[in-house]
Amino acid sequence: MSGALDPRERSFYARSVHDVARDLVGCVLRHGETTARIVEVESYHQEEPACHAHVGLTPRTSVLFGEPGTAYVYRSYGIHALLNAVCEPEGVGAAVLIRALEPLDGVEEMHERRRVGGFVDLCNGPGKLTQALDVELHHNGGSLLEGPVVVEPRPPAWRDVRWVTGTRIGITKAADLEWRFCAIGSRCVSRPWPPALREAAG
DNA sequence: CATGGGATTGACT
DNA sequence: GTCAATCCCATGC
């Protein structure tokens, strides 16, 4: 249970993208002195049309087909940088999109970078969290094992974190797949919350 | 080389 | 609820 589920090992990412997505919930994303807990992710796979890798190997998608544990960062709607973790063995195009975080350390710095909102609004969206942690396009192709942007294991208190599934957000193709995973008990999950999360929250 | 479509957000009605 | 901002890149001529 220890080695195989440690995000500091490359083997952690060289598995089914859905298994990696579930295991990333509760882990900690770090960039310098700013850290935050992953509370929402989505999985994408080349076999399905919402995944960028679905079009095959191009300059844009080459990172997705590369080494597992690599960061895939791309610009969305011309404005926002979105962060993904490349998964599955090399040659398979798949990644986990990091959609929301719960800030832990460097909260002051996050506020300065975001210049808006309260605590919850710092990282409750894929474009928000990259701004808060200062993740940009130049991080594309970098290693999530070696940094500067790294994923650290779940803290003991989050060892048994539970999650619910929902359909992925903001896509038009393959929108019926329940490949969104949200931590139960965090206010920092992005809107709209999946029905199962509202029920779990009571 | 021109075109079109986004894995979003924040401001506004 | 609506809508514009703005850039990368896949595609097609």
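All figures in this text were calculated on a predicted structure; none of them were measured in a lab. Chain naming here is simple, since letters A, B, ... match the order of the sequence lines and numbering starts at 1 in each.
Remark: P of B:dG10 and CG of A:L122 are 11 Å apart, rounded to the nearest angstrom. Whole-Å rounding puts the A:N84 CG to B:dG6 P distance at 17 Å. Whole-Å rounding puts the A:E48 CD to B:dA7 P distance at 11 Å. Here the C1' atom of nucleotide B:dT8 and the CZ atom of A:R180 are 13 Å apart, to the nearest Å. Here the C1' atom of nucleotide B:dT8 and the CG atom of A:L129 are 12 Å apart, to the nearest Å. Per the geometry, CD belonging to A:E136 stands 10 Å off P belonging to C:dC8, to the nearest Å. We find that CG of A:L57 is positioned 10 Å from P of C:dA10, with the value rounded to whole Å. A:F181 places its CZ atom 15 Å from the C1' atom of B:dA7, with the value rounded to the nearest Å.
In this structure, the side chain of A:T58 engages the main chain of A:T61 through a donor-acceptor pair within 3.5 Å.
Along DNA chain B, the nucleotide nearest A:G170 and the nucleotide nearest A:Q131 are compared for position; the residue whose nucleotide lies closer to the 5' end is A:G170. Map A:P126 and A:T172 each onto its nearest nucleotide of DNA chain B; the residue landing nearer the 5' end is A:T172.
Atom CZ of A:R15 and atom CG of A:L5 lie 5.5 Å apart (nearest 0.5 Å).
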Expected list for residues 138-150 of chain A: side-chain donor-acceptor pairs under 3.5 angstrom, two or more places apart:
from   : atom 1 : to     : atom 2 : distance (Å)
A:N140 : OD1    : A:V73  : N      : 3.0
A:S143 : OG     : A:L145 : N      : 3.0
A:S143 : OG     : A:E146 : N      : 3.1

In residues 78-96 of chain A, what donor-acceptor pairs under 3.5 Å come from side-chain atoms, sequence neighbours left out?
from  : atom 1 : to    : atom 2 : distance (Å)
A:N84 : ND2    : A:Y72 : O      : 3.1
A:E88 : OE2    : A:V17 : N      : 2.8

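Listed nucleotides B:dG6, C:dA10, B:dA7 differ in distance to A:Y72; the shortest reach to its side chain belongs to B:dA7. When the nucleotides B:dG6, C:dA10, B:dG10 are ranked by their closest atom to the side chain of A:Y77, B:dG6 comes out on top. Checked against B:dG10, C:dT6, B:dA7, the side chain of A:L97 finds its nearest nucleotide in B:dA7. Among the nucleotides B:dT8, C:dA5, C:dT11, the one closest to the side chain of A:V55 is C:dT11. Closest contact between the side chain of A:L137 and the listed nucleotides C:dC8, C:dA10, B:dG10 involves C:dC8. Considering only the side chain of A:R75, C:dC8 comes nearest among C:dC8, B:dA7, C:dT6. Distances were taken from every side-chain heavy atom of A:Y44 (C-beta onward) to each of C:dA10, B:dT9, B:dA7; the shortest belongs to B:dA7. Checked against C:dC9, B:dT8, B:dA7, the side chain of A:I171 finds its nearest nucleotide in B:dA7.
Within the 4.0 angstrom heavy-atom criterion, only backbone atoms of the sugar-phosphate kind lie near A:R99; the bases stay farther away. Nucleic acid contact class of A:R114 (heavy atoms, under 4.0 Å, all strands): sugar-phosphate only.
OP1 or OP2 of B:dG10 has at least one side-chain nitrogen or oxygen of A:K128 nearer than 4.0 Å. One finds a side-chain N or O of A:T58 lying less than 4.0 angstrom from the OP1 or OP2 phosphate oxygen of C:dA10.
For B:dT9, the paired nucleotide is C:dA4, the pair qualifying as Watson-Crick or G-U wobble because both relevant distances are below 3.5 Å.
Residue A:R10 places its CZ atom among more than 12 non-hydrogen atoms of other residues, nucleotides or ligands, all under 6.0 Å distant.
Looking at heavy atoms from C-beta onward, A:R99 lies out of side-chain contact with A:V41 at the 4.5 angstrom threshold.
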